[in-house]
Student: 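One structure coming up, written as structure tokens, with questions to follow.
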There are 2 protein chains.
Amino acid sequence: MRAGDRAYQTLREEITNGDLPAGTVLGEVEQAVRLGISRTPVREALRQLISEGLAVQRPRGVEVSEVSFENISELYDVRLALECQAARLAARNRDADVFRTLLVDFQHVSDLLNTRDRNRHDYYELVNRLDDALDQAVRNPYLVSAMATVRTHLARIRHMARSDRARLMDAAREHALIVQAIIDGDGDLAAHATHVHLYNSLSHRLAKAASLETHSADAVSPDEGDARETA
Amino acid sequence: MRAGDRAYQTLREEITNGDLPAGTVLGEVEQAVRLGISRTPVREALRQLISEGLAVQRPRGVEVSEVSFENISELYDVRLALECQAARLAARNRDADVFRTLLVDFQHVSDLLNTRDRNRHDYYELVNRLDDALDQAVRNPYLVSAMATVRTHLARIRHMARSDRARLMDAAREHALIVQAIIDGDGDLAAHATHVHLYNSLSHRLAKAASLETHSADAVSPDEGDARETA
DNA sequence: CGTGTGATTTGTGTATACACTGATGGCGAT
DNA sequence: ATCGCCATCAGTGTATACACAAATCACACG
């Protein structure tokens with residue numbers, strides 16, 4: 001694989017993970033040394049990060065872009081538009097078997113979440129499978145690409161306002177309804193159920209964010225682990 | 001300005017103009033010589049074009065991406081989702097004076113189009129002003145960015161299926177309604193009027209495309225000039 | 001005459017050298 | 001002591017040299 005692509009993926013993951021916090025300056029020489037490559041592929045990676053919005057060009061070089069709580073609502077406005085449309089299109093073109101499998105999994109999420117180990121990670125894995133199935137079903141590269149961008153930024157936000165177990169249970173029911181609508185080929189229901197799900201998801205995140213502003217931020221800063229501490 | 005940015009803008013415009021047709025291979029050395037710069041900034045420009053979807057990476061280098069009539073519907077599906085949302089948000093945040101000015105202009109489009117010279121160009125200029133006003137009003141960088149991508153691809157398609165004078169007159173009325181709804185702060189109407197407009201726009205383009213498949217394609221291939229020949 | 005193999009060539013991927021700009025720190029003058 | 005100017009330096013922008021991979025063409029062998 002090309003060094004430039006590896007550098008891009010590495011930096012991208014470090015930014016979404018939070019290892020490279022917002023405002024970090026990404027010096028070309030510094031990153032080149034750290035990644036053991038030359039400046040040329042690093043430059044390539046930085047340009048891609050900029051075009052994706054994960055980094056911004058400053059007069060003094062490139063730095064990791066800011067992501068604030070105000071951004072959450074803006075991001076959800078775009079997400080709402082794209083994913084409702086995606087759900088509608090998926091209901092039209094779907095391979096029913098794929099979504100029937102997903103439906104069963106979403107209906108058994110309570111089992112998944114009762115296992116105390118790594119539950120939230122497993123749930124996000126399931127949501128990723130749903131996203132992949134949607135990407136397949138919409139058969140629209142432009143839409144898939146636009147949603148991928150939104151998901152990238154969303155991944156950064158997940159580290160700021162994490163869902164607790166109760167919210168995950170509700171989310172599973174909402175997801176199950178979306179999947180059911182897609183199986184039934186009911187585009188309107190799929191779109192509206194997505195609307196409902198995203199409204200609830202945003203509300204939960206905003207409430208979480210508000211409670212973080214009043215309380216200390218220490219309790220939620222660790223980036224790994226499971227959902228026990230916030231349940 | 002940086003050589004890389006100039007190269008990007010140049011190539012980008014040549015692709016959207018159709019000067020560099022789909023399938024053209026963009027050799028690094030070839031473009032570097034042609035633009036009078038070295039390969040490094042050319043590479044940078046090519047990577048940006050790829051991330052924007054205007055070019056694709058092939059095993060044998062980079063080439064201009066294909067844009068077919070099937071893509072039109074897919075692009076409009078994304079456009080529909082984004083612009084309806086944008087209209088809704090704009091109705092909420094708009095600066096009414098800006099849109100009142102635009103409304104007057106859209107109401108006088110018939111004068112603009114009766115002037116036989118450069119009429120379509122002037123109309124697209126007016127639409128650009130509307131787009132800019134929307135970008136300002138939505139106050140959402142994510143949405144603005146997503147719409148910019150769609151508009152870029154749309155610009156390429158405009159050269160394939162051009163609007164005639166009658167369609168432009170109808171479009172002006174549709175645009176005027178959207179603007180009126182935004183002035184009134186009626187988000188639902190703004191969104192639905194946008195939906196109607198995009199449906200009509202797509203229908204017109206598809207009909208045009210179908211008629212091009214039956215007739216000879218010679219009559220519409222020239223890339224400059226005004227709308228007289230298709231009116 | 002056809003096919004296979006090897007050499008040449010073309011073009012990308014990467015590293016590095018050079019140039020220029022903007023910042024920073026020190027030194028001198030007021 | 002403070003302000004201003006000059007020098008040095010850190011870091012990006014660009015060019016170019018080198019490495020490597022793939023495709024093509026030619027030549028030889030079957």
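To find a chain, count down the sequence lines: A is the first, B the second, and so on, and within it residues start at 1. None of these values were measured; they are calculated from a predicted model.
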Student: Among residues 3-13 of chain B, which contact DNA chain D at a heavy-atom distance under 4.0 Å?
Tutor: A3(B), G4(B)
Student: Apply the test salt bridge (charged side-chain N to carboxylate O under 4.0 Å, His left out) to residues D122(A) and R129(A): give CA-CA distance (whole Å), side-chain angles for both, the deciding distance (0.1 Å), then the verdict.
Tutor: CA-CA 11 Å; D122(A) 287 344; R129(A) 281 176 47 213; over 6 Å; no
Student: With D95(B), which residues qualify under salt bridge (Lys or Arg N to Asp or Glu O under 4.0 Å), at least two apart?
Tutor: none
Student: What is the first contacted nucleotide of DNA chain C and what is the last, in 5' to 3' order, if contact means an atom lying under 4.0 angstrom from a heavy atom of chain A?
Tutor: dG13(C) to dA17(C)
Student: Using a strict heavy-atom distance below 4.0 Å, which residues from residues 43-54 of chain A are in contact with DNA chain C?
Tutor: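 Those residues: none at all.
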Student: The criterion is salt bridge (Lys or Arg N to Asp or Glu O under 4.0 Å); which residues satisfy it with E52(B), sequence neighbours excluded?
Tutor: R12(B)
Student: Measuring only between side-chain heavy atoms, which start at C-beta, is R167(A) closer than 4.5 Å to H204(A)?
Tutor: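 With C-beta onward as the side chain, the pair touches.
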Student: Taking only residues two or more places apart in sequence or in another chain, which ones pass side chain to side chain donor-acceptor pair (under 3.5 Å) with E13(B)?
Tutor: none
Student: Can I get a per-line list of side-chain donor-acceptor pairs under 3.5 Å for residues 83-92 of chain A, giving both atom names and the distance, sequence neighbours left out?
Tutor:
| from | atom 1 | to | atom 2 | distance (Å) |
| --- | --- | --- | --- | --- |
| E83(A) | OE2 | R79(A) | NE | 3.4 |
| Q85(A) | NE2 | D77(B) | O | 2.7 |
| R88(A) | NH1 | D188(A) | OD1 | 2.4 |

Student: May I ask you to decide if A191(A)'s main-chain N or O and H195(A)'s side chain share a donor-acceptor pair within less than 3.5 Å?
Tutor: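 No: the side chain of H195(A) does not pair with the backbone of A191(A).
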Student: Please work out which residues in residues 22-40 of chain B have a non-hydrogen atom less than 4.0 Å from an atom of DNA chain D and list them by number.
Tutor: I37(B), S38(B), R39(B), T40(B)
Student: Sequence neighbours left out, what passes side-chain contact (heavy atoms from CB on, under 4.5 Å) with V144(B)? Give chain and number order.
Tutor: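 D135(B), V138(B).
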Student: Do Y76(B) and S201(B) pair up side chain to side chain, a donor and an acceptor below 3.5 Å, judged on atom types alone?
Tutor: yes
Student: Partners of R100(B) by salt bridge (Lys or Arg N to Asp or Glu O under 4.0 Å), sequence neighbours excluded?
Tutor: D97(B)
Student: Mind checking side chain to side chain donor-acceptor pair (under 3.5 Å) for R34(A) and listing every partner two or more places apart, or none if nothing turns up?
Tutor: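 For R34(A) the side chain to side chain donor-acceptor pair (under 3.5 Å) partners, ignoring immediate neighbours, are E14(A), Q31(A).
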Student: Which residues pass the salt bridge (Lys or Arg N to Asp or Glu O under 4.0 Å) test with R156(B), not counting sequence neighbours?
Tutor: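 In terms of salt bridge (Lys or Arg N to Asp or Glu O under 4.0 Å), with neighbours along the sequence ignored, R156(B) is linked to no residue.
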